[in-house]
Amino acid sequence: MTLARLLSRATLVLATALVATPGGAKEPRMTLHLSSTAFAHEAPMPARLTCDGEDRSPALQWSGVPDGTRSLALVVDDPDAPDPAAPRMTWVHWVIYNLPATAAGLAEGASRQLPAGTREGVNDWGRTGYGGPCPPVGRHRYFHKLYALDVVLPDLGQPDKARLMKAMEGHILAHAALVGTYQRGH
């Protein structure tokens with residue numbers, strides 16, 4: 001498979017932005033795209049990005065950041081915890097905000113050295129930084145969600161996902177998601 005084809009498959013189609021129409025109503029418009037060179041959308045993530053490997057954050061690239069974006073936020077979570085056959089919670093793996101609006105992506109392992117001004121929240125292990133997939137049973141889905149914001153958020157300390165989402169209310173210009181999967185022992 002060519003790199004161009006892999007990237008086109010990995011680019012997310014579920015991205016929307018709100019734009020005003022002449023009547024003042026808002027309607028969705030496709031703009032923001034999120035992809036990774038490490039895995040295609042809805043495809044398995046390599047073990048090096050997980051607790052079974054180096055636990056490195058994946059390389060992520062984005063494009064189509066809308067005009068008026070002042071910062072970006074990224075949340076990575078797993079809605080299949082603890083068992084995809086009977087999920088009971090969404091497990092949060094990474095929370096970052098105030099990524100520069102001019103950034104076009106993050107290199108693999110970037111959780112160890114984020115762009116200047118970027119802030120981190122806490123994941124469900126109770127620590128900052130990326131915590132890779134480590135599912136106890138079954139194949140889980142990992143949603144990498146990127147948000148374009150019309151504001152640089154104030155210093156929230158180390159917010160959890162819920163507090164960050166609350167702070168972003170009314171400021172999301174666009175969002176995109178990239179889903180990777182992982183099952184231990186495969």
Side-chain angles (χ1 to χ4, degrees), residues 1 5-16 28 32-62 72-97 99 105-112 114 118-148 156-169 172 174-186:
M1 179 178 298
R5 184 172 173 150
L6 177 63
L7 288 175
S8 70
R9 288 182 62 197
T11 301
L12 179 68
V13 182
L14 301 173
T16 61
L32 192 59
H33 298 277
L34 178 61
S35 63
S36 178
T37 55
F39 59 95
H41 181 58
E42 297 184 345
M45 296 174 67
R48 73 178 182 277
L49 306 177
T50 75
C51 69
D52 294 322
E54 299 169 42
D55 210 16
R56 295 171 59 87
S57 58
L60 297 171
Q61 301 80 38
W62 50 83
L72 300 162
L74 178 73
V75 173
V76 179
D77 61 26
D78 166 11
D80 299 322
D83 180 352
R88 291 193 313 247
M89 66 178 296
T90 297
W91 187 267
V92 179
H93 289 260
W94 201 14
V95 176
I96 58 177
Y97 67 101
L99 278 157
L106 294 170
E108 185 171 310
S111 65
R112 295 175 177 99
L114 293 167
T118 302
R119 309 284 303 179
E120 289 190 282
V122 292
N123 57 35
D124 280 345
W125 283 282
R127 64 179 191 255
T128 61
Y130 173 81
C134 198
V137 64
R139 180 166 302 280
H140 288 233
R141 297 167 298 152
Y142 298 89
F143 286 74
H144 301 71
K145 297 178 271 191
L146 182 69
Y147 300 89
L156 303 171
Q158 295 176 342
D160 61 11
K161 175 187 167 185
R163 185 162 170 233
L164 176 61
M165 297 304 292
K166 180 75 174 160
M168 293 189 320
E169 281 181 8
I172 299 171
H175 68 278
L178 172 67
V179 180
T181 66
Y182 188 70
Q183 181 173 2
R184 297 183 82 183
H186 284 82

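- In terms of heavy atoms, Glu120 sits closest to Pro159 at O-CD, 4.1 Å.
- Partners of Arg48 according to the side chain to side chain contact (heavy atoms under 4.5 Å, CB included) rule, which considers only residues two or more places apart in sequence or in another chain, are Ala38, Pro46, Glu54, Glu108.
- Residues forming a side-chain hydrogen bond (donor to acceptor under 3.5 Å, both in side chains) with Asp83 (at least two apart in sequence, or on another chain): none.
- In this structure, Asp78 has no salt bridge (Lys or Arg N to Asp or Glu O under 4.0 Å) partners at least two apart in sequence or on a different chain.
- The aromatic rings of Trp94 and Tyr130 sit perpendicular to each other, their planes meeting at more than 60°, with 30° as the lower class boundary.
- Between Pro79 and Arg141, the closest heavy-atom pair is CD-O, 3.4 Å.
- Considering every non-hydrogen atom in both Leu49 and Arg56, the closest pair reads CD2-O, 3.2 Å.
- Remark: Pro82 engages Arg88, Pro136 in a side chain to side chain contact (heavy atoms under 4.5 Å, CB included) (not counting sequence neighbours).
- A perpendicular orientation is assigned to the rings of Trp91 and His93, their planes being inclined by more than 60° (bins at 30° and 60°).
- For the atom pair OG of Ser35 and NE2 of His41, the computed distance is 11.5 Å after rounding to the nearest 0.5 Å.
- Scored by the side chain to side chain contact (heavy atoms under 4.5 Å, CB included) test, Val95 finds Val92, Lys161, Leu164 as partners (sequence neighbours excluded).
- Of all non-hydrogen atoms in Ser111 and Ser57, the two that sit nearest each other are N-OG, 3.2 Å.
- Partners of Thr118 under the side chain to side chain contact (heavy atoms under 4.5 Å, CB included) rule, at least two apart in sequence or in another chain, are Ile96, Leu99, Pro100, Leu114, Pro115.
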